[in-house]
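Heads up: the structure comes next, in structure tokens.
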Amino acid sequence: MPMTTRFAPSPTGRLHLGHAASAIRAHDVARAAGGAFLVRIEDIDPGRSRPEHVDTILADLRWLGLDWDGPVLHQSTRLSVYAAALDRLRAADLVYPCTCTRAEIAAEIAASATAPHGIAPIYPGTCRIRAPDPARAAAWRLRMDRAIAVAGPLDWHDITAGRVIAAPGPQGDVVLARRDAPASYHLAVTIDDADQGVTDVIRGVDLFDATHVHRLLQALLGLPTPRYHHHPLLTGPDGRRLAKRDGAPALADLRLAGADGTALAADLRATLCPLAAPGGTPSLP
Ligand code: GLU
């Protein structure tokens with residue numbers, strides 16, 4: 001199968017240099033292998049996605065000199081596909097409805113206070129026991145322990161980390177369908193990577209933990225497992241991550257100020273540390 005990579009931004013804001021570096025990696029790895037590079041807009045969050053960001057994102061990618069194959073896939077057009085997958089998980093009794101509010105979950109966690117120090121608290125499983133409130137819209141959560149038991153031992157190959165044993169358990173009963181959207185990030189991204197034939201998922205190391213959940217969902221839904229490349233995140237001179245919330249310059253600001261996007265992409269390529277390929281051979285210049 002020809003190598004297929006993707007860049008999958010959420011149109012909840014404008015792209016910054018860290019996004020550019022990730023997109024360049026995914027683009028260049030595919031092109032070096034004679035493969036395909038896809039762009040997918042992850043716009044399933046109705047509260048945070050903005051159509052105007054989509055146009056800006058695509059203009060930014062063109063400005064960087066990145067070209068992609070085929071039409072851009074918008075996750076908002078795929079809601080029935082995600083709903084069908086959720087139906088399968090529901091039929092297998094691997095998900096349950098949850099009507100807890102954020103405040104209720106926070107209060108429950110604070111009251112139990114059993115989470116070991118330094119470990120992010122997980123959903124305490126309230127709606128496993130109580131009947132969900134019929135007056136409220138429900139989210140759907142994965143029954144993590146049962147899902148792990150059904151799937152059995154799993155691993156995946158990470159270009160940087162090598163063979164990784166999937167260990168999604170510590171993330172608890174993750175949300176697979178939100179009360180305001182028929183899919184969560186975990187469900188939509190896992191299904192789309194499979195349906196689009198993505199062979200190599202190239203994304204920031206901040207999403208490494210999510211891959212434990214994605215590997216489990218692949219097993220439950222009978223989907224193939226791509227290779228993963230979790231790359232380091234770009235940091236600023238102060239060592240802090242270049243993210244939207246840190247006030248890093250948006251690509252659109254640079255573009256509209258007349259900066260040369262292909263020159264910027266060349267500069268970024270020169271600073272990207274190579275991803276270690278199996279056997280230690282760098283797979284990026
Ligand atoms: N849509 C996600 C984001 O913008 C990235 C998804 C992924 O690469 O798996 O953070």
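Every value quoted in this text rests on a predicted model; they were computed, and no experiment measured them. Every number for a ligand or one of its atoms is a count from 1 in the order of the listing.
- Note on ring orientation: taking the six-membered ring where Trp is involved, the planes of H19 and F7 are perpendicular (angle over 60°, cut-offs 30° and 60°).
- The closest side-chain donor-acceptor pair between T211 and D209, if any, does not fall under 3.5 angstrom.
- Ring centroids of W68 and H27 are separated by 6.0 Å or more, keeping the two rings apart.
- Sorted by chain and number, the heavy-atom contacts of ligand 1 below 4.0 Å come from R6, A8, P9, S10, E42, Y185, V189, R203, L207.
- In summary, the side chains of D45 and Y185 do not present any donor paired with an acceptor at a separation below 3.5 Å, with no hydrogens or angles considered.
- Side-chain N/O atoms of D200 and Y228 include no donor and acceptor closer than 3.5 Å.
- P124 and E108 make their closest contact through CG-CG, 3.3 Å (heavy atoms, listed as atom of the first residue, atom of the second, distance).
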